[in-house]
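Some notes on the structure that comes next.
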Amino acid sequence: MPLYNGITLPGQPDLENIRRLDLSILPQTNRMSRVGVAVDVPYLQELSSEFGREMAGLQKDIASYIPPDALDRFATAAAEIEEAEGSVTINAASAEQIRVLLFDLLKVGQGKKLKTTSTGKVSTSRKNLEMVHDQHPVIPLIQQYRERQKLKTTYCDTLPQTAILHPRGPCCPICELAHVEPTRRLHTTWLTTRAITGRIQCKKPPLQTIPIRSDIGSRIRAAFIGSPGYKIVSVDFSQMEIRDLAHLAAARSMISVYLADGDIHQSTAMKAFGIADPAQVDKYKHRLPSKRVNFGIQNGTTEKGLYAQLVTDYWAASMPPPDWLTEDWCKQFIASWHAAYPEVQPYFETQYYRARRYGFVWDPWGRVRYIPQVRSSLFWKVSEGLREAQNFAVTASNAEQTKLAMAECEDEFDHLRSLSVRIEALLSIHDQIIAEVEEDYAAEVGEIVQHVFDHVMDDRETGERLWRTPIKSDCEILDRWHVKE
DNA sequence: CAGCACGGCGCG
DNA sequence: ACCGCGCCGTGCTG
């Protein structure tokens, strides 16, 4: 049962198979490093100053809430107080100073059970700030400052520094085109055998973490552009980790949803809440918790974790968390989830057993992860190891499938280049690949890449699908990354 | 000045 | 006590 390039599914530890898989992507990662990805530097610089202006205003507003008699707790030098005269006397980027302001001076969160840091102090993490969100008007200001500070320092200010100007000429195929203006490009470093799960990572710069989840953050993603005359083609697996869990656990009702091309979150909600009429499924009360558990169950979601996640979700949707949302409710819901998919917990138990019996677990391709913590005498260390064992095959399978798709896509791109089509892979982000292609061919390339994704688990000799769920991909064709026209 | 631990947070 | 990563600024130390 060979997949692409003779890679197989031995279903037991097989490092030779993994070696072939890990080597097969190197032509593409090497080429991606050399070609780089174009970035709009003036746009990022403008964004940086916009964030900088907003941060200065927010910092001043935050400082205005310092009780006048406590100004000296924030001044680094006595002179600063006098000349500052009501201007910045707090560094909003300092967790220590924010902690003093909120919890010592403003007495926020008195009755609440807030999380503490590893050193025993009350944490000012986003989760804690959400818990006390409505207790003081300064808290939203801190949240807004944090978001801008993260985006500005990590992305707006850093990316332009590492962007290299490509001259015209043979430095890379994209730049050879006479009509293409020289562009500034980022050349990240790909790490292909670093993550335990088999995922590939990149660093300097960290292009796999370009923002998208918040509206303000996705403006940074728009700085990534196709060269003039080119389109960005982005293809990703649709809900692949849930499909992988369905396959690995042989979860019958989950598999049948995918066979019918149904909506897994909707279907989960109906099963777990016992709802017969699809119209009765509420987006926030039923679908949102279902979605969170569908995505989080593989990582060992607990009632506490689910509760915290949903509180964050509600605030992100500008809604206060509803009264019925409690840790106890979350516990009940997770139990209902397992009742809806009864094969999943036994599958997890099998992974726990393997971790304990052999000291390692493996994925269907033969990648191995050692779980030495199961021999620990510390309960929490053992639990940590069991969660790693639970997660491993799902995440690793997803990584192997993406690597197979990458290697096969690069063959397709080589073929296209032999026909004088200008095309380059730019990035691979865990379950997706992003390429740059002459605009006349963008739609066709999108279809080719989607075909590779959708058939990645097909036996190359028989055409039989070697996975229990169908595989589905989504495709976007863009001028700027994740900005639709 | 560089190096480090910490708290915090970006993505899948 | 939710998995896997990389990286920012702060605050301290040598």
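Letters go in sequence order (proteins before strands), and every chain restarts at 1.
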Q | Residue mapping more 5' on DNA chain C - nearest nucleotide basis, A/K115 or A/R194 | A | A/K115
Q. Can you list the steps and then say if A/D313 with A/Y284 is a side chain to side chain contact (heavy atoms under 4.5 Å, CB included)?
A. CA-CA 9 Å; A/D313 284 340; A/Y284 291 104; over 6 Å; no
Q.
I'd like to know if A/R146 reaches the base of B/dG8 with its side chain such that a donor and an acceptor end up less than 3.5 angstrom apart.
A. no
Filtered N/O pairs between nucleotides 12-14 of chain C and protein, under 3.5 Å:
none

Q) Would you say B/dC9 has OP1 or OP2 under 4.0 Å from some side-chain N or O of A/T209? A) no
Q | Sugar-phosphate only, base, or nothing, as touched by A/T395 at under 4.0 Å among non-hydrogen atoms | A | nothing
Any protein N or O atoms within reach of nucleotides 7-10 of chain C? Criterion: under 3.5 Å, listing atom names and distances.
residue, atom, partner, partner atom, Å
C/dC7, OP1, A/K204, N, 2.9
C/dT10, OP1, A/N91, ND2, 2.8
C/dT10, O3', A/S94, OG, 3.4

Q. Any idea how A/F224 and A/W481 line up, ring-wise: parallel (<30°), tilted (30 to 60°), or perpendicular (>60°)?
A. perpendicular
Q | Strand-adjacent residues in residues 355-384 of chain A, judged by heavy atoms under 4.0 Å from DNA chain C | A | A/R369, A/F379
Q: Could you tell me how the ring of A/F237 sits relative to the ring of A/F453: parallel (under 30°), tilted (30 to 60°) or perpendicular (over 60°)?
A: tilted
Q) Taking CD from A/Q201 and P from B/dG10, how many angstroms apart are they, rounded to a whole number? A) 18 Å
Q. Any chance CG of A/D215 has more than 12 other-residue heavy atoms, nucleotides or ligands included, within less than 6.0 Å?
A. no
